[in-house]
Structures are given as C-alpha cells and as structure tokens.
*Asks:* 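Okay, handing you the structure first.
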There are 2 protein chains.
Amino acid sequence: MRVLVVEDDQFHASYLQDTLAEALPEVTEIFHASDGAEGEEEARQGGIEAVVMDLQMDRRNGIEAARTIWAERPQSRILFWSNYADEAYLRGIARIVPEDSAYGYVLKTASRDRLRLALRAVLVEGQIMVDREIHRLQKQGAAPRNRLDDSEFGVLLDLALGLPDKLIAERRGMSLRTVQNRLLSLYDKLGVTVDPEDEAVSLNKRVRALNRALVTRTINVETLEAAQRDLDAWLGGRG
Amino acid sequence: MRVLVVEDDQFHASYLQDTLAEALPEVTEIFHASDGAEGEEEARQGGIEAVVMDLQMDRRNGIEAARTIWAERPQSRILFWSNYADEAYLRGIARIVPEDSAYGYVLKTASRDRLRLALRAVLVEGQIMVDREIHRLQKQGAAPRNRLDDSEFGVLLDLALGLPDKLIAERRGMSLRTVQNRLLSLYDKLGVTVDPEDEAVSLNKRVRALNRALVTRTINVETLEAAQRDLDAWLGGRG
DNA sequence: AAATTGCTTGCGGGAACCCGCAACATCTCT
DNA sequence: AGAGATGTTGCGGGTTCCCGCAAGCAATTT
C-alpha cells in the first residue's frame with residue numbers, strides 16, 4: 001500500500017512516517033508533501049489511495065486538498081490529523097466527504113497507540129473513526145440548543161464576510177425579513193445577549209456574533225478565507 | 001545556567017531541549033513546562049532567568065505567561081518561538097517587554113542554525129533578536145501607510161469586541177466623532193473599501209473591518225480573548 | 001375539522017452607523 | 001509671525017440594522 005503524508009511540520013511528519021512504517025506492515029511506500037497543493041499533485045502522480053493529512057497548512061489547507069483528492073478519486077481513504085478540535089474543521093470535512101469513503105479525524109495530542117489504531121482502522125480497514133474529543137464537541141452543542149443548522153451556518157458565514165442583509169437574502173434566496181430572523185436565532189445561539197446584569201452595555205450584534213463564533217471555535221480564520229473565495233465566485237457569476 | 005522550556009508540543013519541546021543542550025554548553029539544567037500557567041510556576045520555583053516560550057498554548061498563552069514572568073523578574077531573558085508571524089503576537093509582546101530586557105522571536109520554520117544563533121544571542125548574550133520574516137512584516141505595513149498606530153489598534157480591539165461607538169468613546173476618553181474618525185482610518189488601512197468595480201456590493205464596514213483584521217493577521221482569536229478580559233475588568237471597575 | 005406549532009414575510013419605527021462639512025486647536029516649517 | 005498640515009469636535013442627514021407586531025402558509029396534533 002502506498003501512503004501519502006501531507007504535513008508541513010517536519011517533526012510531525014517524521015513521527016508520522018515512523019509510526020506508519022512501524023504500525024502498518026502493508027505499507028510499501030510513503031510519500032510526503034508539505035502543503036495542500038503539493039499533496040494534490042503527489043496524490044495524482046502516485047496513484048495514492050491512502051492519505052494522512054494535516055489541516056493547517058500555508059499554501060492550501062488540508063480540507064481543500066482533500067476535496068480535490070476526493071473529487072479525483074472518491075474512494076481515497078483520508079485520515080485528518082490536527083492540533084485543534086474546531087467545529088469549523090468538522091463542518092468543512094462533513095461538507096466534502098463523499099458518500100461512502102473512509103476517513104478519520106485524530107488530534108495530534110492523541111497517544112501513539114490511538115494514532116496507530118486510527119491509521120489501521122481508516123487506511124487499512126476503511127472504517128470511519130473520529131477522535132472522542134471531537135465527537136464530544138459535536139454532542140455538547142446539541143444539548144443546550146446551541147447547535148447551528150446549515151441554514152444558520154450559511155447566514156453566519158455571509159454575515160462574517162460583511163454582507164448586508166439584502167445581499168444575504170439575495171444570495172440565499174430568502175426574503176429580507178427571513179434573513180433577519182435567522183440572524184436573531186444566530187444571536188441567540190451564539191450567546192449575543194443583553195446581559196441582564198450589564199444592562200448598560202448594548203453591543204453591536206453583528207460584530208459580536210462574529211466574535212463569539214470565533215472564540216467558541218464555531219468558525220475560524222480559514223473558514224473565513226474559504227467563504228470569501230466562494231463569495232467571489234458567486235459575485236463573478238452574477239455581475 | 002538554568003533554562004526553562006515552555007512548549008506544549010512534545011516533539012518541539014524535545015527538539016528544543018536537544019538543540020539547547022548541544023548549542024549552549026553553559027546550560028546546566030533544563031526545565032520544562034507544557035503550558036503558560038505551569039511555566040510561570042516553574043520559573044518562580046527554579047529561579048530561572050532564561051526562557052524559551054511557545055506562544056499558542058491552551059491554558060494560558062505565552063504572552064500572558066511572559067508578562068507575569070517579567071513582572072516578577074524583569075531581567076529574565078525570553079526567546080519566543082512560534083509557528084506564525086502574526087502581527088497580533090508582535091503587538092502583544094511589544095506591549096509587555098520591560099525597559100531593557102533581552103528577548104527574541106524566532107519562527108519554528110527557522111533552520112536549526114538560526115535557532116542556535118538566537119538561543120545564544122538572547123539567552124546568553126542578552127541581545128534582542130527578531131526573525132527576519134517577522135521584521136519584514138513590520139516594514140511592509142509601513143510602506144503603503146497600512147500600519148495601525150496604537151490608538152487605532154485600541155479602537156480596533158473595542159470594535160472587535162462589539163462595542164458601540166459611544167462606549168468606545170467613553171473607554172478611550174475620546175469624543176464620539178473622534179472615534180468615528182478613527183474608524184474611518186481603520187477602514188481605510190484595513191482595505192474596507194467600496195471597490196469601484198463591484199459598486200453593487202456595499203458591505204457592513206464594522207464586520208468587514210474585523211474580518212480583514214483577522215485574515216491579514218493583524219489580530220487573532222487569542223487577541224480577542226485577551227481583549228475581552230481587559231474589557232470585563234474595565235467594566236467591573238465602573239459599576 | 002379545529003387547534004396548535006413553526007416558519008416566512010411585510011410594515012414601521014427607534015437606534016446605531018457612516019460620513020460630508022465646517023469650526024477650532026496644535027504643531028511644524030519657513 | 002504666518003501658512004500649512006494634522007487632529008478633534010459638533011451638526012445633520014441618509015442608510016442600515018434590530019426587532020415587535022401581525023398576517024399568511026404548512027405540517028402535526030387533538
């Protein structure tokens with residue numbers, strides 16, 4: 001089996017390669033790329049179907065790279081391996097994973113044993129495996145009705161880009177008032193409230209919503225950058 | 001010499017320790033902490049005056065840890081060692097470094113040689129040393145008049161927290177209109193413009209400003225969290 | 001069939017924001 | 001001392017935003 005490691009940190013890369021070689025005897029060759037663009041290229045060249053992918057990388061991040069790899073070879077097995085358990089990454093991945101592909105998500109802080117297990121489960125056995133830490137994150141939101149649905153999340157992204165209500169409405173095919181309703185529930189779920197204590201401080205809701213979404217790790221800067229590209233594309237096919 | 005390494009990534013930590021031991025013969029003991037709070041504690045215990053400090057850490061980040069270390073022992077020599085060249089970190093550091101302390105800033109992508117050099121220059125020789133990559137960042141802003149001055153940066157933080165003009169004015173001791181002027185120059189410098197091309201899209205300036213500040217790495221999420229704490233303190237002492 | 005619940009949409013008004021205009025106050029340069 | 005250059009402040013008005021209110025529509029319950 002030929003495995004591609006996409007990881008820009010040299011220490012993590014070599015650790016991964018060591019663990020791979022040691023834990024999976026069926027691995028015959030290990031390729032390496034140090035950013036997303038290079039990773040796509042390598043995957044294409046090598047006819048690779050098993051990938052371990054870092055998420056934060058400079059030129060092109062792991063999610064984008066995974067998207068094109070899956071677009072070209074949907075049966076590829078990809079194990080994501082990241083420092084953070086941001087919900088933003090989960091949404092990004094959930095959005096691009098093909099119908100029945102194998103993938104996994106492990107934190108870099110996981111023990112070597114857990115990494116070995118994930119490597120075997122995803123790359124060899126073709127299972128789906130998500131780190132417990134992360135799964136917890138998904139659930140916790142569900143309890144206090146804090147979880148955003150897709151439509152709210154979309155509006156959040158548009159808001160975060162700075163679009164005015166009118167444009168959001170046009171883009172999402174909703175009426176102005178409906179967009180505003182979405183915003184209201186967003187404010188609610190993100191905890192943008194008029195604290196009964198600090199009655200005095202009334203905040204700018206829009207900015208506050210973006211702020212909260214960031215500090216709760218609902219979105220991150222990379223999400224913003226990706227959303228901006230989508231927006232530009234949409235504006236292009238319209239103006 | 002006793003050196004403290006504050007770094008939550010185990011690989012980076014052991015790489016640092018190796019390099020330290022090998023490059024600085026005058027090092028007699030190496031202590032290790034894996035987050036800021038622990039780092040402060042260790043520094044206190046060990047009577048440490050030379051520190052290598054990661055910036056992104058969970059419980060308490062490097063800047064905050066450095067602040068308390070310097071508060072307790074201003075002559076401490078601290079080498080910051082980080083993945084990113086965010087302007088936000090530079091400002092954070094510039095804000096807390098005591099009058100004539102030795103410090104340095106090296107990127108994790110720097111070569112081993114450069115790291116060795118920085119270790120010696122800062123920890124042993126007591127020099128100030130900033131990675132070329134980062135220095136470039138500071139300059140580049142200066143050319144096209146993009147650089148924010150301190151007063152603008154303060155207003156940016158308040159804006160990012162969601163404060164309305166009136167409160168910003170009160171907090172910064174400026175008139176309402178002056179705050180708005182600051183905002184105007186902020187919008188200008190951050191590139192929040194009405195693109196003559198896309199005349200159609202008029203954006204929400206405030207949100208857009210925060211968005212731009214984030215993607216240009218002028219501020220980051222940790223900045224936001226720190227600013228929030230400051231704000232809470234200020235609100236507390238006001239009633 | 002009627003009632004309940006949930007979502008969308010229009011209307012309207014108060015608040016906040018953006019910003020041109022103009023009057024001053026400082027500081028600098030000649 | 002006089003002429004700019006730069007920064008602060010008040011005023012006024014056009015926008016956008018926030019959101020209560022109520023009417024309409026669909027799905028589910030009783």
Side-chain angles (χ1 to χ4, degrees), chain A residues 145-196 198-213 231, chain B residues 142 144-196 198-213 231:
Chain A
R145 280 296 162 288
N146 280 345
R147 176 144 221 85
L148 305 184
D149 63 37
D150 285 344
S151 133
E152 286 163 342
F153 191 76
V155 172
L156 171 59
L157 289 182
D158 288 346
L159 177 150
L161 294 176
L163 300 189
D165 297 1
K166 193 144 46 106
L167 250 194
I168 302 180
E170 181 184 341
R171 187 174 185 202
R172 304 279 167 195
M174 301 187 261
S175 86
L176 228 191
R177 194 61 181 80
T178 300
V179 169
Q180 295 173 332
N181 280 337
R182 287 286 141 76
L183 288 175
L184 286 189
S185 67
L186 259 185
Y187 298 155
D188 183 32
K189 292 186 181 176
L190 289 173
V192 179
T193 51
V194 189
D195 209 328
D198 302 310
E199 192 79 43
V201 291
S202 79
L203 299 167
N204 180 310
K205 303 282 171 71
R206 296 192 147 229
V207 172
R208 192 62 183 171
L210 175 50
N211 181 312
R212 296 291 305 154
L231 173 62
Chain B
R145 281 295 162 290
N146 279 345
R147 176 141 219 86
L148 306 184
D149 62 35
D150 286 343
S151 132
E152 285 162 342
F153 191 76
V155 172
L156 171 59
L157 289 181
D158 288 346
L159 177 151
L161 293 175
L163 300 188
D165 297 2
K166 192 144 44 107
L167 251 193
I168 302 181
E170 180 184 341
R171 189 176 183 201
R172 303 279 166 196
M174 301 188 262
S175 86
L176 229 193
R177 193 60 182 82
T178 301
V179 170
Q180 296 173 332
N181 280 337
R182 289 286 142 77
L183 289 175
L184 286 190
S185 66
L186 260 185
Y187 298 155
D188 183 32
K189 293 186 181 176
L190 290 172
V192 179
T193 52
V194 189
D195 207 330
D198 301 311
E199 191 78 44
V201 291
S202 78
L203 299 167
N204 180 310
K205 302 282 171 68
R206 295 191 148 230
V207 173
R208 192 61 181 173
L210 176 50
N211 181 311
R212 296 291 303 153
L231 173 62

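Since this is a predicted model, take the numbers as computed values, not measurements.
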*Asks:* Atom CZ of B:R172 to atom P of D:dT9: distance rounded to whole Å?
*Replies:*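 The distance from CZ of B:R172 to P of D:dT9 comes to 15 Å, rounded to the nearest Å.
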
*Asks:* Taking atom C1' of C:dA15 as reference, at what distance in whole Å does atom CG of B:L167 sit?
*Replies:*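 Taking atom C1' of C:dA15 as the reference, CG of B:L167 is at 14 Å.
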
*Asks:* So, B:N181 versus B:R177: side-chain donor-acceptor pair below 3.5 Å or not?
*Replies:*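 Yes, side-chain donor-acceptor contact under 3.5 Å.
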
*Asks:* Could you state the atom-to-atom distance from CG of B:L184 to P of C:dC21 in whole Å?
*Replies:*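 Rounded to the whole Å, the gap is 13 Å.
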
*Asks:* What's the shortest heavy-atom distance between A:R182 and A:S151, and which atoms?
*Replies:*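 The answer is NH1-OG, 2.5 Å.
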
*Asks:* Could you state the CG-C1' distance from B:N204 to C:dA16, rounded to the nearest angstrom?
*Replies:*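 Answer to the nearest Å: 11 Å.
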
*Asks:* Expressed in angstrom and rounded to an integer, what is the separation of B:I168 atom CD1 from C:dC17 atom P?
*Replies:*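 So the CD1-P distance, B:I168 to C:dC17, works out to 8 Å.
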
*Asks:* Please determine if a side-chain N or O atom of A:K205 lies less than 4.0 Å away from the OP1 or OP2 oxygen of C:dA16.
*Replies:*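 False: A:K205 side-chain N/O out of range (4.0 Å or more) of C:dA16 OP1/OP2.
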
*Asks:* Identify the heavy atoms of B:R171 and B:L161 that sit nearest to each other, and give their distance.
*Replies:*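 Minimum heavy-atom separation between B:R171 and B:L161: NH1-CD1, 4.4 Å.
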
*Asks:* Considering only D:dT16, C:dC19, D:dC19, which nucleotide approaches the side chain of B:Y187 most closely?
*Replies:*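 Among the listed nucleotides, the one closest to the side chain of B:Y187 is C:dC19.
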
*Asks:* Check whether B:R208 reaches the backbone of B:L203 with its side chain - one donor and one acceptor, N or O, closer than 3.5 Å.
*Replies:*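 Not at all, since once roles are kept as given, no pair shorter than 3.5 Å links the two residues.
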
*Asks:* Nearest heavy-atom pair of A:L156 and A:A213: which atoms, and what distance?
*Replies:*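 Closest pair (atom of A:L156, atom of A:A213, distance): CD2-CB, 4.0 Å.
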
*Asks:* Send over the distance from B:L186 CG to C:dC17 C1', rounded to a whole Å.
*Replies:*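 For the pair B:L186 CG and C:dC17 C1', the rounded distance is 15 Å.
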
*Asks:* Looking at every heavy atom in both B:V192 and B:K205, which two are closest together, and how far apart are they?
*Replies:*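 That closest heavy-atom pairing would be CG1-CD, 3.7 Å.
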
*Asks:* C:dC17 phosphate, OP1 or OP2: any side-chain N/O from B:K166 under 4.0 angstrom?
*Replies:*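 For C:dC17, neither OP1 nor OP2 has a side-chain N or O of B:K166 closer than 4.0 Å.
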
*Asks:* Could you give the CG-to-P distance, from A:L203 to C:dC17, as a whole number of Å?
*Replies:*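 Roughly 10 Å, once rounded to whole Å.
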
*Asks:* When rounded to the nearest 0.5 angstrom, what distance separates NZ in B:K166 from CD in B:E170?
*Replies:*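 So the gap between those two atoms works out to 9.0 Å.
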
*Asks:* Write out a two-atom table: protein N or O, nucleotide N or O from nucleotides 9-11 of chain C, distance below 3.5 Å.
*Replies:*
| from | atom 1 | to | atom 2 | distance (Å) |
| --- | --- | --- | --- | --- |
| C:dT9 | OP2 | A:S175 | N | 3.1 |
| C:dT9 | OP2 | A:S175 | OG | 3.2 |
| C:dT9 | OP2 | A:T178 | OG1 | 2.2 |
| C:dT9 | O5' | A:S175 | OG | 3.1 |
| C:dG10 | O6 | A:R177 | NE | 3.3 |
| C:dC11 | N4 | A:R177 | NE | 3.2 |

*Asks:* Using whole Å, what does the distance between atom C1' of nucleotide D:dC19 and atom CG of A:D188 come to?
*Replies:*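 These atoms are roughly 14 Å apart.
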
